[in-house]
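Here's the structure, in structure tokens; my notes come after.
This is a predicted model, so every value here is computed, not measured.
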Amino acid sequence: MRGQYGKERPVAVPSFVDKVTLHVAGGSGGDGVASVHREKFKPLGGPDGGNGGNGGDVILQVGADVTTLIDYHHEPHRRGTNGAPGAGSNRSGSNGEDLVLRVPDGTVVKDASGEVLADLIGPGTELVIAAGGRGGLGNAALASSKRKAPGFALKGEPGDELTITLELKVVADVGLIGFPSAGKSSLIAALSRARPKIADYPFTTLVPNLGVVTAGSTTFTVADVPGLIEGASEGRGLGHDFLRHVERCAALVHVIDCATVDPGRDPLSDLDVIEAELKAYAEATGSDLLDRPRLVALNKTDVPDAKEIAGFVRDELEARGLDVYDVSAASHAGLRELSFAMAEIVASRRAETPVAEVTRIVLRPKAEAGVGREFTIDQVNGQWIVRGEKPKRWVRQTDFANDEAVGFLADRLNRLGVEDELLKRGARAGDDVVIGDEDNAVVFDFDPQIPAGAEVLGRRGEDLRIDQSDRRTNVQRREELAARRAHEAEIREARESGRPESSAATPDWTFPEDDPALDGDDSDEDRR
């Protein structure tokens, strides 16, 4: 940034970040390879193309020594390593390396819509947030009893890609809450070895401070929440950003400044304001803050006037059912009693809560076609939209520059029942059929009579049906396919312009080798 006289002004770099937007993508899978084994006196020794390697996953992992999300504030785009392509001689490509992103304990993961995907608690807990794409099959893996020498391979799939929000909710046992300059940071410094920044002006604390306290045999963590003011739950001051840090606390301690000289403030009104903000925040977020045990620390009682004020309000606070402690961060008076009271609540909470086990969570995409269904078909603006994870994946794997690969895709869709369902829904030859992601869909011309079969487009001598005397050449097949497409385009153009369709009979493009009875069982090909 430039200030007066064109000089560079320093930009403040945050040291504590508790909310970031992160763009993650798994590595893409490597492509399979189409290769033929060759050696002396054996030029066509069969397919030997290897499979592509799988792409690397992006994994969120809870690290015990990580306390902030600052790394992802500076670098919000993260991607896994791509898998390597396959090679000849049945050599598979190497898998991409997983990218492990370490996050603090208590990180909540949300998707772009705000839905909670996971709540990461406990060191070592992992979440596979973006899975790497699967590697494509080589032609050796695609060979079958009827397709002995495939001249194509499958492409690798792209990895998952999504935008997520990481929110840190500090995992502390006890939360200190109160107005700015109530002495929360001083109290943490007196109770533990934490050394937060302390000053005599409001909003000294800009980030939650953590301290470790030992009372008897119980060791627990205490966090102070940056100063709350009236309206904090609606976004005023700092409370709106940091109230979520007290959601995990076993107990809350109201730190009340009994030595304040601000007009209109007293211990009881301060307590009422903070309680009102907690209630408003709990109602807005659905949290259970109001059910947490409460303690009241009447702070700064080393000041004579403050000690007198504390004596006036004690009976009223105890009448509300609150445990009240006179404390002083300066003289350490009352800190031992307060720390043991906090330890008792924490120990009771831990005894009731089962120990969290280290878990590994893998996100699975929801089936587009619904539970138990592999695809759905809808007609939108005159186009037939095919939705489903399998059809989408198969389209991504297909090399459309290879006629044999396109035929293999047609085989797979036909076996899945897409063609039969289109016919039932009233699709006619020449209609547009759309398959794939919305931003990268593939449009096909529907032709229910097209001879589906990568096997009949094969150009290797090992295919047994090549010995049939009435078999057409590849050149003849392409010419007949072009004539068929032209015929369909003429019908579609006449239909769109309102002209009557040609009364001439549709040419017969069926041939003996297209008879399905000549094909063997193809169920072994659908391995991906």
(Q) Strictly by side chain to side chain donor-acceptor pair (under 3.5 Å), give each pair with a member in residues 334-351 just once, sequence neighbours left out. (A) Asp173-Arg350
Heavy-atom side-chain proximity of [X] to [Y] below 4.5 angstrom:
{"X": "Asp224", "Y": "Ile177", "value": "no"}
{"X": "Val58", "Y": "Asp98", "value": "no"}
{"X": "Pro104", "Y": "Leu69", "value": "yes"}
{"X": "Lys390", "Y": "Phe375", "value": "no"}
{"X": "Asp105", "Y": "Pro123", "value": "yes"}
{"X": "Leu22", "Y": "Leu101", "value": "yes"}
{"X": "Ile256", "Y": "Asn299", "value": "no"}
{"X": "Leu191", "Y": "Met342", "value": "yes"}

What's the separation between atom [atom1] in [X] and atom [atom2] in [Y], rounded to the nearest 0.5 Å?
{"X": "Leu162", "Y": "Leu117", "atom1": "CG", "atom2": "CG", "result": "7.5 Å"}
{"X": "Leu166", "Y": "Lys110", "atom1": "CG", "atom2": "NZ", "result": "11.0 Å"}
{"X": "Phe408", "Y": "Leu413", "atom1": "CZ", "atom2": "CG", "result": "10.5 Å"}
{"X": "Leu338", "Y": "Leu187", "atom1": "CG", "atom2": "CG", "result": "6.5 Å"}
{"X": "Glu167", "Y": "Thr21", "atom1": "CD", "atom2": "OG1", "result": "9.5 Å"}
{"X": "Asp57", "Y": "Glu97", "atom1": "CG", "atom2": "CD", "result": "12.5 Å"}

**Q.** Partners meeting ring-ring contact (aromatic ring centres under 6.0 Å, His included) with His23 (sequence neighbours left out)
**A.** His77
Which residues pass the salt bridge (Lys or Arg N to Asp or Glu O under 4.0 Å) test with [X], sequence neighbours left out?
{"X": "Asp326", "result": "Arg314"}
{"X": "Arg425", "result": "none"}
{"X": "Asp71", "result": "none"}
{"X": "Asp378", "result": "Arg387"}

Measure across [X] and [Y] and return the closest heavy-atom pair with its distance rounded to 0.1 Å.
{"X": "Pro391", "Y": "Glu374", "value": "CD-O, 3.9 Å"}
{"X": "Ser192", "Y": "Val213", "value": "CB-CG2, 4.2 Å"}
{"X": "Asp160", "Y": "Ala130", "value": "O-CB, 3.7 Å"}
{"X": "Leu295", "Y": "Tyr325", "value": "CD2-CE1, 4.1 Å"}
{"X": "Ser28", "Y": "Pro158", "value": "OG-CA, 3.8 Å"}

Q.
Determine whether Thr81 and Leu99 satisfy the following criterion, side chain to side chain contact (heavy atoms under 4.5 Å, CB included), listing intermediate values before the conclusion.
A. CA-CA 7 Å; Thr81 308; Leu99 177 62; over 6 Å; no
Q.
Would the distance check show the side chain of Thr301 and the main-chain N or O of Val327 forming a donor-acceptor pair, the cut-off being under 3.5 Å?
A. yes
Q.
Among Val386, Thr398, Leu409, which residue satisfies the side-chain contact (heavy atoms from CB on, under 4.5 Å) criterion with Ile435?
A. Val386
Q: Flag yes if more than 12 heavy atoms outside Lys155 fall under 6.0 Å of its NZ atom; otherwise flag no.
A: no
Going by the rule side-chain contact (heavy atoms from CB on, under 4.5 Å), which residues pair with [X] if we only count those two or more places apart in sequence or in a different chain?
{"X": "Arg294", "result": "Leu252, His254, Glu275, Leu278, Leu290, Arg292, Leu322"}
{"X": "Asp270", "result": "Phe179, Arg265"}
{"X": "Val434", "result": "Gln383, Ile385, Ala441, Val443"}
{"X": "Ser217", "result": "none"}

Atom pairs and distances, donor-acceptor, side-chain atoms in residues 302-313, under 3.5 Å, two or more places apart:
| unit_1 | atom_1 | unit_2 | atom_2 | d |
| --- | --- | --- | --- | --- |
| Asp302 | OD1 | Ser328 | OG | 2.9 |

Q. Strictly by modelled atom types, are Asp266 and Ser269 linked by a side-chain donor-acceptor pair under 3.5 Å?
A. yes
Q) Would Lys392 and Gln397 satisfy side chain to side chain contact (heavy atoms under 4.5 Å, CB included), going step by step from the backbone distance to the final call? A) CA-CA 9 Å; Lys392 266 178 46 176; Gln397 292 175 332; over 6 Å; no
(Q) Checking Thr214 now: which residues fulfil side-chain hydrogen bond (donor to acceptor under 3.5 Å, both in side chains) with it, not counting sequence neighbours? (A) Thr219
